Amino acid sequence: MRILDYLKIAVAKGRTEKGAAEIFKKAGFGKYVDPDSRKLTSFDDEEKIAYIYVKPVDVTTYVQNGAADLGVIGKDMLLENSSSLYELLDLGFGKCKMVVAGKENKYPRGKEETLRVATSYPNIAKSYFGHKNQKIISVNLGGSVELAPLLGLSDVIVDLVETGRTLRANDLYVIEEICSVSTKLVSNRVSYRFKHQRVMELVKRLEEVCS
Amino acid sequence: MEYNLIQKEIDLFRERYKTRRIIEDILIKEGYEYFEPSSFDDMDRFLPLMNTMGQASMVKLIASDSRILVLNPDNTTSIISRIVPLWQDGMKFRLFYSATASRSDRELGISEIRQVGVERLGESDFKTDEEIILLALDILSQFSIDFVMEVSNSKFVDGLLGETDLSPVEKRRLRGLLYRKDKQGISDFAKAAPLPEPISNSLLSILNLQGDAEDITAQGERFCINQKMADSIREITALKKFLDAYGYLDNVSFDLSMITELDYYDGLMFKGYYPGYFKDALSGGRYDSFTEDYGKKIPAIGFSLDLDQVTNLRIKQKEKEGEDFGLPQNRRGKR
């Protein structure tokens, strides 16, 4: 099968995919196909690269297990999956912040004992509040996390914020910033060794257009 | 697909047994003695390991008197915790084990890790380091000559971080960033700490120092600011010459920024990979300081091999080459 000697890159579908297409094109990887296509794979036969489009939550799984050599994925997903992948390059787009937000710009009173946290990032929330010795109950949601405090499902949320527009539209305020997040080029440890030259060549070309 | 074929399981057991025998025969020939790590122990015994491994990954049992026990989480630790308290000066041991370690994982549940490994205790000279890495390479090449061994020396990063006044927690964070080769993260950390420029420059540069020993030692030398770092470069240079003489240089890739999961090495460390597997097949190194956690610092070096991965590799080769496959000739044996 031809895919065997290709460098396989798992790209998170959605916004990441569009940003990645732009940067890869800028770096001269011209055969990076149309992000609007519904195909799950595309092949750049000239550069011998296979792009695989998967759900953001699945990128680390693909790369970690060697189904892909490299991945293009947000730092939020790497933190949530406590991945041990090499983070070879910050691609410089998809910049946002992981924050704690609530109905006021401070923690609600009387919640000192146990805080209810709605989030799609339960591991990040657990580790952040764990370091602060704050007990939490994590309310795990797949999306529209902003609704939770409004409907009394949680005291605060832990979520990604890009412009803050969604927060403002729902009368929510940032209480604390957990960390900055952006899109990373990651590699598994074995591909990094066995395909070192090709991986580093790609990193170098992308690095030139990122900075 | 057919399920529950007991014959298939017996076939697997036979292959695993054969694989183990091949490795054990090499070790016995090299003068190693068999040692049995206990399958469970008091949790206290593994306290020094918890910093690096995390308590969550240990499988706990509660004894009838309410003591907390754990299933052996790491063979080296199990062996060290039994030997060090009884250590007497001048002792020398060459030990090997063939045992199962158990780990708990959020996603995978409880997993058994079958390992064959060696520990050399009481010998601190560089010749021992050389013998151990050669033994590791000989064992890897016994099953396939297509493999890569990452080699590093922890004294370089340790020496560098020793020049900073970072707290142990900050140091651990920085080592975590190095572990992921996260250039951006390191550069952000250096700005926020702040780290002196020569130190942050060296940290960022060593990420690029990969592969050829000649390049690495030449460039690495420029960053040396203390004896410890200079020692690491000297040892890598000597090791390169040694491995070259045994024809293994093509299999070896040097990496000055290497950090391992169980961050307990001081000096030589290495990891071996076969293509197509996404976990190291072999890993090891020198861990003198780790023994100190058990009461006494004694020279210690060793490695362990993932028996399941090597067995799987053999089975695949067997399928590919038909029944009459032969093992590749041990390179050292050919000489």
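Computed from a predicted structure; not experimentally measured.
- Contact annotation for A:Asn188: only side-chain heavy atoms (C-beta onward) come within less than 4.5 Å of a heavy atom of chain B.
- The neighbour count for B:Arg173 CZ, taken as heavy atoms of other residues, nucleotides or ligands under 6.0 Å away, does not exceed 12.
- Taking CD of B:Gln184 as the reference point, atom CD of A:Glu87 lies at 10.5 Å (rounded to 0.5 Å).
- Residue A:Lys204 places its NZ atom among 12 or fewer non-hydrogen atoms of other residues, nucleotides or ligands, all under 6.0 Å distant.
- Annotation: A:Arg15, atom CZ; neighbour count of heavy atoms from other residues, nucleotides and ligands within 6.0 Å does not exceed 12.
- In this structure, B:Tyr179 and A:Tyr86 approach most closely via the heavy-atom pair O-CE2, 3.3 Å.
- Between A:Ser187 atom OG and B:Lys181 atom NZ the span is 10.0 Å, to the nearest 0.5 Å.
- Heavy-atom neighbours of A:Phe194 CZ from other residues, nucleotides or ligands within 6.0 Å: above the threshold of 12.
- Of the atoms belonging to B:Leu177, not a single heavy atom falls under 4.5 Å from chain A.
- Here OH of A:Tyr192 is found 11.0 Å from OH of B:Tyr273. Values are rounded to the nearest 0.5 Å.
- Looking at A:Asn65 and B:Phe278, their side chains never come closer than 4.5 Å, going by heavy atoms from C-beta outward.
- In the model, B:Ser253 has a side-chain atom that pairs as donor or acceptor with a side-chain atom of A:Arg193 under 3.5 Å.
- For B:Lys279, the part lying near chain A is the backbone, with the side chain staying farther off; criterion is any non-hydrogen pair under 4.5 Å.
- The NZ atom of B:Lys183 sits 7.5 Å away from the CG atom of A:Leu89 when rounded to the nearest 0.5 Å.
- With a 4.5 angstrom heavy-atom cutoff, A:Gln197 does not touch chain B via any of its atoms.
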#### Entry: Steps toward side-chain contact (heavy atoms from CB on, under 4.5 Å) verdict (B:Asp182, A:Lys75)
CA-CA 11 Å; B:Asp182 181 356; A:Lys75 175 76 180 173; 3.8 Å; yes

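- Between the OG atom in A:Ser84 and the CD atom in B:Glu261 there is a gap of 6.5 Å [rounded to 0.5 Å].
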